[in-house]
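Take a look at the structure below.
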Number of protein chains: 2
Amino acid sequence: MSAASQARPPTLEDVARVAGVSRATVSRVINTTRNVDPVIQETVRRAIAKTGYTPNTAARSLVTRRTGTIALVVSGAGDFGGDILVDPFFGRVASGIISALRPRGIYPLLMFADTPETRAHVVDHLRQGNADGALVVAIHSADPLPAMLVAANVPSVLFARPTRPLPISFVDLAHREGGRLAVDHLVARGCRRVATISGPLDVPASQERLAGFREAWVGHGNPEAPFVEGNFTLDSGERAMERLLAEHPDVDGVFAANDLMASGALHVLRDHGRRVPDDVAVIGFDDSSAATASRPALTTVRQPVEDMAAEMASLLLDRIGRQDRRVTSVVFEPTLVVRQSA
Amino acid sequence: MSAASQARPPTLEDVARVAGVSRATVSRVINTTRNVDPVIQETVRRAIAKTGYTPNTAARSLVTRRTGTIALVVSGAGDFGGDILVDPFFGRVASGIISALRPRGIYPLLMFADTPETRAHVVDHLRQGNADGALVVAIHSADPLPAMLVAANVPSVLFARPTRPLPISFVDLAHREGGRLAVDHLVARGCRRVATISGPLDVPASQERLAGFREAWVGHGNPEAPFVEGNFTLDSGERAMERLLAEHPDVDGVFAANDLMASGALHVLRDHGRRVPDDVAVIGFDDSSAATASRPALTTVRQPVEDMAAEMASLLLDRIGRQDRRVTSVVFEPTLVVRQSA
DNA sequence: CCCCAGTCGGAGAGCGCTCTCCAATGACTC
DNA sequence: GAGTCATTGGAGAGCGCTCTCCGACTGGGG
């Protein structure tokens with residue numbers, strides 16, 4: 001046992017010798033690449049089991065030019081100090097992607113990129129053939145990485161539409177519709193004086209959520225509603241809510257562009273003695289873990305992240321498998337999850 | 001440009017031809033493996049730049065038997081539904097490891113393992129040479145993965161000491177000391193009737209934190225303090241606090257074995273109209289993002305996760321680099337971070 | 001009975017790299 | 001001036017695998 005574990009691991013050649021066939025035949029059995037006589041197949045399988053053979057990935061990818069690995073690139077996490085995984089929304093995207101890959105026996109190479117150097121390094125790493133393609137979660141809208149990947153000819157799929165058109169696949173949400181969903185619920189609850197805490201306005205998703213909110217609110221025959229710009233963090237949600245309360249003390253409904261900011265709003269409302277949802281109804285966005293962790297739990301616009309992640313994986317694997325250059329994108333519909341806050 | 005990106009990527013051979021030297025010389029320049037005449041070095045570098053050469057990882061690792069990749073294995077996350085990354089503590093461990101690896105230009109292969117099948121798959125993947133070693137974060141104490149890795153001869157480093165002795169390196173915290181730190185602070189604040197919410201008692205770290213707490217409390221001349229067992233989740237912290245309050249309404253200090261449970265305790269205390277820290281002081285453990293996100297922010301026993309993660313990476317890379325079988329472990333000291341809750 | 005198509009195993013080239021040898025050169029000693 | 005040795009470039013084997021050929025064998029039709 002100990003001796004065996006020290007020895008050179010068994011190769012195809014070894015298996016072939018034990019099975020009394022050629023290397024090619026063993027390879028064919030393993031890859032089911034052509035018909036092989038069932039009897040011989042069985043012999044080979046037994047030889048594989050006996051030798052404890054396991055294919056050498058490096059040798060295989062040297063000839064196939066495939067690694068069977070894909071990269072999960074999180075770009076622009078710099079300001080989060082590398083703790084981006086802990087962000088309830090991005091963490092969920094990452095987990096979703098990982099879970100979607102798992103049934104296919106693929107483990108992602110996890111790469112962070114924020115500075116120009118790390119971005120270049122990531123692209124190099126990919127060009128060196130360490131992965132067959134990349135699933136990219138870019139936090140900032142102006143991220144240059146997607147364009148670099150296109151230039152380097154690395155098959156990629158983005159989470160969220162790139163700011164400027166690019167020949168690259170992506171998966172996105174109908175954010176505008178999400179804003180509308182929130183308004184409809186607030187209106188149905190009888191809210192008359194609503195406000196919204198938007199995400200950073202240079203992010204397309206933020207713009208869309210805000211636009212959807214405004215359109216729907218005005219569409220219900222209301223005057224324009226106030227809004228404050230946040231940056232998707234808990235703190236910014238608190239600050240925004242403070243300001244909203246100061247400027248519009250009679251507000252009775254708030255739509256925040258993500259759960260973290262909604263959660264911050266909840267803190268401030270409580271500190272000011274407002275009951276949620278009785279005095280003020282609050283709706284978040286994402287349906288991340290922050291939504292269920294909040295007290296009261298957040299009513300929120302859900303992004304089907306797991307489905308979106310699975311779609312990203314499918315799009316990428318299709319693209320890699322078919323070797324075509326075609327670019328396909330998919331847009332998902334949000335749904336409203338009603339909990340206690342509205 | 002477009003034509004170039006379609007063509008077969010340049011190889012060492014191509015660079016050698018352009019530079020007018022042999023393949024071996026180019027390889028030597030790239031790997032700085034032996035003295036090469038500075039003039040020739042320069043010529044080679046220029047040829048590399050000109051051709052846009054990038055080494056083929058597969059070919060390289062076929063001969064070196066190294067991949068330059070290491071695996072980050074999260075084991076036993078099943079009950080977290082794959083969202084383990086979002087857990088403020090484990091997410092921090094993962095981020096810490098990733099950040100520690102980054103300066104070395106290494107991107108980890110992210111692997112989850114919870115069922116027997118996935119565990120076997122992970123070990124197979126590792127044996128196939130997809131990574132040179134593994135950094136393992138095992139959630140449950142009885143996790144069989146570490147033993148499997150030892151058996152498969154995969155160089156590994158664990159986060160936290162394995163329950164039963166195993167010839168495997170690990171990085172851990174002096175949990176007992178952490179419990180003591182919490183007690184000392186509570187006592188210094190003048191708390192007289194304290195209680196603790198422990199983690200699951202089959203986890204060594206939970207036992208140690210509890211033991212440290214008890215020893216220190218009794219050491220200060222107090223009678224035994226009550227405790228309730230939790231399971232490290234927010235919900236369990238809430239339930240435990242409810243029970244504590246019911247059975248010991250006069251409690252004036254609580255030590256929870258992690259921040260999430262402390263956060264749950266905070267919710268319950270507020271619901272019961274207790275002011276924190278005036279009526280009841282609360283101390284958490286970990287110093288995870290949950291500590292700063294709580295209101296009031298949690299005073300907590302900090303684990304230096306970033307340092308611990310960096311140490312894991314160092315231990316593993318040393319072990320891989322030196323090819324020795326030696327097993328080294330490091331235990332870190334906790335510190336108390338004082339915020340508002342105590 | 002022969003021929004041809006179809007089926008399936010084996011031989012061998014080659015993927016891109018590293019690394020061991022070997023040879024050539026020059027420096028230095030005696 | 002010859003021998004020794006350190007220094008540095010090149011040739012070529014070989015890492016473990018896939019895949020294209022090729023050849024052997026089978027069966028069925030004319």
Side-chain angles (χ1 to χ4, degrees), chain A residues 7-45 47-48 51-69 124-130 132 321 323, chain B residues 7-45 47-48 51-69 124-130 132 321 323:
Chain A
R8 180 180 59 67
T11 69
L12 252 202
E13 194 71 52
D14 297 328
V15 177
R17 202 175 323 108
V18 171
V21 299
S22 76
R23 218 168 50 238
T25 301
V26 180
S27 173
R28 287 198 267 255
V29 170
I30 291 171
N31 302 304
T32 58
T33 192
R34 227 179 59 179
N35 273 354
V36 173
D37 187 303
V39 177
I40 295 184
Q41 271 191 47
E42 193 41 41
T43 315
V44 170
R45 274 186 219 299
I48 290 175
T51 52
Y53 172 75
T54 205
N56 178 311
T57 313
R60 177 177 283 174
S61 43
L62 179 56
V63 27
T64 58
R65 303 182 163 286
R66 289 285 182 71
T67 61
T69 296
D124 269 0
H125 211 69
L126 258 19
R127 284 209 316 138
Q128 286 168 22
N130 283 291
D132 299 335
Q323 286 289 40
Chain B
R8 181 179 59 68
T11 69
L12 253 201
E13 194 70 51
D14 298 328
V15 178
R17 202 176 324 107
V18 171
V21 298
S22 76
R23 218 167 50 239
T25 301
V26 180
S27 173
R28 288 198 266 255
V29 170
I30 292 171
N31 301 303
T32 58
T33 192
R34 228 179 60 180
N35 276 353
V36 173
D37 188 302
V39 177
I40 295 185
Q41 270 191 48
E42 193 42 42
T43 315
V44 170
R45 274 187 220 299
I48 290 175
T51 51
Y53 173 75
T54 206
N56 178 311
T57 311
R60 177 177 282 175
S61 44
L62 180 56
V63 27
T64 59
R65 302 181 163 287
R66 287 285 183 70
T67 60
T69 297
D124 269 359
H125 212 69
L126 257 20
R127 285 211 313 138
Q128 286 169 23
N130 282 291
D132 298 335
Q323 285 291 38

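Below, chains carry the letters A, B, ... as their sequence lines are ordered, and counting in each starts from 1.
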From [atom1] of [X] over to [atom2] of [N], roughly how many Å is that when rounded to an integer?
| X | N | atom1 | atom2 | answer |
| --- | --- | --- | --- | --- |
| A:I48 | D:dC17 | CD1 | P | 11 Å |
| A:R28 | D:dT18 | CZ | P | 11 Å |
| A:N130 | C:dC17 | CG | P | 13 Å |
| A:D14 | D:dC15 | CG | C1' | 13 Å |
| A:R17 | D:dG16 | CZ | C1' | 13 Å |
| A:L62 | D:dT18 | CG | C1' | 10 Å |

Counting heavy atoms from C-beta on, name the nucleotide in [options] closest to the side chain of [X].
| X | options | result |
| --- | --- | --- |
| B:D37 | C:dG9, D:dG9, C:dA11 | D:dG9 |
| A:T25 | D:dG10, D:dC19, C:dG9 | C:dG9 |
| A:R60 | C:dT20, D:dT20, D:dC17 | D:dC17 |
| A:L12 | D:dG10, C:dC17, D:dC17 | D:dC17 |
| B:A24 | C:dT18, D:dG10, C:dG16 | D:dG10 |

Item to check | Earlier contact from the 5' end, DNA chain D, for A:P10 and B:R23 | outcome: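 First, find each residue's nearest nucleotide; the 5'-ward one identifies B:R23.
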Checklist outcome for this item: Between A:I30 and A:R34, whichever has its closest DNA chain D nucleotide further toward 5' is A:I30
Distance test, side-chain N/O of [X] to OP1/OP2 of [N], below 4.0 Å:
| X | N | value |
| --- | --- | --- |
| A:S22 | C:dG10 | yes |
| B:S27 | C:dT18 | yes |
| A:N35 | C:dT7 | no |
| B:T64 | C:dT18 | no |
| A:N56 | D:dC15 | no |

Any donor-acceptor pair under 3.5 Å linking the side chain of [X] with the backbone of [Y]?
| X | Y | answer |
| --- | --- | --- |
| A:N31 | A:R28 | no |
| A:D132 | A:R66 | no |
| B:Q128 | A:T57 | no |

Checklist entry - Between A:S61 and A:T64, does any side-chain donor sit less than 3.5 Å from a side-chain acceptor? => result no
Checklist entry - At under 4.0 Å between heavy atoms, what does A:R65 touch on the DNA or RNA strands: base, sugar-phosphate, or nothing? => result sugar-phosphate
Checklist outcome for this item: A:T51 and A:P10 have their tightest heavy-atom pair at O-CG, 3.3 Å
Checklist entry - If each of A:A59 and B:T33 is mapped to the nucleotide of DNA chain C with the nearest heavy atom, which maps nearer the 5' terminus, i.e. the 5' end? => result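 Checking each residue's closest nucleotide, the 5'-ward one belongs to A:A59.
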